[in-house]
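This one's a predicted model, so the numbers in the text were calculated from it and none came from an experiment. Just so it is clear: chains get the letters A, B, ... in the order the sequence lines come, proteins before strands, and each one is counted from 1.
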Amino acid sequence: MKLGQGNKAFDLYVMMQKLGIEANKFVFMCALQICGCEKGASTGRIIHDELIKSGYELDLSIQNTLVDMYAKCGSLAESCSIFSKQQERNIVSWGAMIAGYAAHGVGIEGLETFRRMYQKGFMPNSIIYLSVLKACGSIEALEQGRLLHMEIIRDGMHLDEVVGSAIIDMYLKCGSLLDADTVFEDLAIKDVVSWSAMILGYADQGHGQKALNLYSDMLSEDICPNKLTFLGVLKACWLVGNLRQGLYMHSEVVSQSLDSDLVVANTLIDMYAKCGALNEARHVFDLLSSKDGVSYNSMIQGYVQNEHSLPALDIYSSMRCRGIRPNKVTFPTILKACSNIRALIEARQIHANVITEEFDNDSTIQSAIVDMYAKCGSMVEAINMFERMQSRDIVLWGTIFTGCAQSGDWQLARQYFLKMQGYNLKPDAWVFNSILTACSHAGEVNEGRWYFLSMIHDYRIKPSADHFNCIIDLLGRSGRLDEASDFFQSIPEQLDINGWTALLTSCRSYGNNKLGNECFSEAM
DNA sequence: TTAGGGTTAG
């Protein structure tokens with residue numbers, strides 16, 4: 001088990017049972033640890049039952065291992081239930097519980113458990129500090145992290161390079177790059193972990209160039225990069241848009257035989273796609289023998305970000321054919337692909353997939369569906385989803401109005417304008433722009449005028465060039481060329497090319513060459 | 001029995 005061959009070790013455990021040899025406490029502990037890293041919670045529960053039958057459930061080490069096993073399997077509820085029922089606890093019990101919270105991003109509970117540990121008179125050791133630092137990082141609790149850092153210095157543990165890199169990581173995750181720099185500079189031993197933590201942290205915070213500089217500093221210190229260093233550097237490459245360096249890093253990855261590593265390969269796909277090198281991304285994707293959901297998501301996203309919606313839909317189909325389930329990252333992306341090319345039939349199918357995968361209550365995905373139906377021109381379906389949603393922000397309302405604008409449905413726009421007021425939401429400049437566009441497409445002059453005036457007087461929104469253009473377009477399309485021209489002349493400082501275009505197009509549609517020529521020479 | 005750095009969206 002300690003050599004990482006958990007499955008083989010577990011086979012021995014099964015064989016032992018078949019031979020009728022009773023397990024002792026150490027065998028149970030090993031079996032539980034294998035469940036924590038390989039077998040999962042369902043096997044863990046079976047072992048748990050078996051050890052209860054053998055009378056080991058009151059043993060402190062066994063209880064601690066159970067807390068750890070359930071936490072590692074992601075079942076914090078079961079972990080917490082055992083921990084809270086413990087009659088007696090030692091530092092390991094507290095450590096296992098805090099590590100569980102920290103690993104799953106439940107930082108507040110992690111810190112709270114740490115506080116309770118103190119109250120019960122336990123002094124933290126370096127292992128406990130590592131988990132609490134992780135908990136702080138996971139919730140970006142910078143002030144708590146600083147206090148912890150001071151405590152660690154007081155206990156003299158900051159000189160340990162393992163604790164040191166955990167402190168660096170905490171500061172980076174909390175966004176305090178200066179603190180991370182200071183701690184890193186003071187580290188007596190800078191190893192590949194602390195260097196990589198710095199590189200990854202800077203890249204995560206969006207500082208690509210600094211991450212690349214750190215990487216060359218690291219090389220000049222003769223530290224050999226590993227998998228995690230590459231993850232940071234690859235991210236830095238796309239942040240600064242340096243495809244050439246990305247290609248070079250790819251060759252470095254290959255020279256360390258890390259290109260078959262799933263996480264590295266996924267990062268390569270993402271790096272190439274974000275640099276716009278779709279062929280290279282696809283090459284890595286195709287060569288990857290066992291793709292996971294992230295591989296598919298990264299490839300789909302790469303296509304969508306570069307406006308290649310059809311291949312994105314193809315990858316989505318093959319993802320489903322191979323039984324890889326789309327998730328909360330896949331859906332917003334693939335729905336956007338449908339919107340881009342107005343693929344309503346495919347979009348409906350994907351909406352059905354959202355329901356079967358039980359993501360239909362996710363507000364981000366719901367918003368994406370409203371947007372997709374509106375952009376695909378199916379306002380009935382867009383409204384249907386919109387009405388089902390629990391909470392709607394101004395952007396989502398705007399999506400409905402944009403849909404109305406595209407389909408020229410001024411009556412629907414009016415209905416939702418009134419509805420919005422019922423929710424005490426103030427329409428913004430963008431909403432008015434959409435409503436005016438809807439009126440203009442429908443030739444509703446009076447309606448459009450009313451909104452324009454209401455926007456200025458009731459909502460105190462200063463009209464932009466887009467709003468003026470809508471009005472010119474509205475007047476021009478309905479043949480009121482003189483009115484349009486007068487309106488146009490009254491606001492010369494607001495004119496832009498779209499306004500001139502709207503006016504000239506209307507002159508042409510209505511065969512008014514005289515006005516058209518006048519406008520043209522004025523525009524010139 | 002608890003232990004440092006990990007990929008995809010908006």
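- Distance CD1 (A/Ile199) to P (B/dG5): 16 Å, rounded to an integer number of Å.
- With B/dG5, B/dT2, B/dT8 as the choices, the nucleotide that has an atom nearest any side-chain atom of A/Val329 turns out to be B/dT8.
- Note: CG (A/Leu234) to P (B/dG6) measures 15 Å, nearest angstrom.
- Counting only heavy atoms from C-beta on, A/Val193 has its side chain closest to B/dG5 among B/dT1, B/dG5, B/dT7.
- Judged by distance alone with a 3.5 Å cut-off, a donor-acceptor contact links the side chain of A/Thr364 to the base of B/dG10.
- A/Ser298 comes within contact range of the sugar-phosphate backbone alone, with a heavy-atom separation under 4.0 Å but no base atom that close.
- Going from atom CE of A/Met157 over to atom C1' of B/dG4 covers 15 Å, rounded to whole Å.
- If you check every strand for non-hydrogen atoms under 4.0 Å, A/Lys291 touches nothing.
- No donor-acceptor pair closer than 3.5 Å links the side chain of A/Gln366 to the backbone N or O of A/Met389.
- Nearest nucleotide to the A/Val294 side chain, out of B/dT2, B/dT1, B/dT7: B/dT7.
- Side-chain atoms of A/Val92 lie closest to B/dT1 of the nucleotides B/dG10, B/dT1, B/dG5.
- Base contact: A/Asp261 has a heavy atom under 4.0 Å from a base atom.
- Spacing between atom CE of A/Met117 and atom C1' of B/dT2 amounts to 11 Å, rounded to whole angstrom units.
- Nucleic acid contact class of A/Asn226 (heavy atoms, under 4.0 Å, all strands): base.
- The side chain of A/Asp270 lies closest to B/dT7, out of B/dT7, B/dG6, B/dG10.
- Among the atoms of the strands shown, base atoms are found under 4.0 Å from some heavy atom of A/Ser196.
- Within 4.0 Å (heavy atoms only), A/Ser61 reaches at least one base atom of the nucleic acid.
- The pair A/Lys328-A/Asp362 fails the salt-bridge criterion, with no side-chain N (NZ, NE, NH1 or NH2) lying under 4.0 Å from an Asp/Glu carboxylate O.
- At B/dT2, none of the side-chain N or O atoms of A/Lys134 fall inside 4.0 Å of OP1 or OP2 (strictly under the cut-off).
- A donor-acceptor pair is defined here as one N or O able to donate and one able to accept, closer than 3.5 Å; such a pair exists between the side chain of A/Ser255 and the backbone of A/Glu252.
- Whole-Å rounding puts the A/Lys72 NZ to B/dT2 C1' distance at 7 Å.
- Under a 3.5 Å cut-off, the side chain of A/Gln63 and the backbone N or O of A/Glu57 do form a donor-acceptor pair.
- If you measure from atom CZ of A/Phe285 to atom P of B/dT8, you get 16 Å, rounded to the nearest angstrom.
- Taking atom CG on A/Asp68 and atom P on B/dT1, their separation rounds to 10 Å, with Å as the unit.
- Among the heavy atoms of the strands, none lies under 4.0 Å from A/Lys25.
- In this structure, the CE atom of A/Met271 is 13 Å from the P atom of B/dT8, given to the nearest Å.
- At the heavy-atom level, A/Val264 lies nowhere under 4.0 Å from the strands shown.
- Inspection of the A/His283 and A/Tyr272 side chains reveals no N or O donor paired with an N or O acceptor under 3.5 Å.
- Using a distance-only test at 3.5 Å, with no hydrogens or angles considered, no donor-acceptor pair links the side chain of A/Lys190 to the main chain of A/Trp195.
- In the set B/dT7, B/dG4, B/dG5, B/dG4 carries the atom at the smallest distance from any side-chain atom of A/Leu130.
- OP1 or OP2 of B/dA9 has at least one side-chain nitrogen or oxygen of A/Lys274 nearer than 4.0 Å.
- The A/Ile127 side chain lies nearest to B/dA3 when the options are B/dG6, B/dA3, B/dT7.
- Looking at heavy-atom distances under 4.0 Å, A/Asp191 makes contact with a base.
- Nucleic acid contact for A/Gln63: none, since no nucleic acid atom lies under 4.0 Å from a heavy atom of the residue.
- Distance alone, capped at 3.5 Å, places no donor-acceptor pair between the A/Asp270 side chain and the A/Asn266 backbone.
- Heavy atoms of A/Leu200 sit under 4.0 angstrom from primed sugar atoms or phosphate atoms, though from no base atom.
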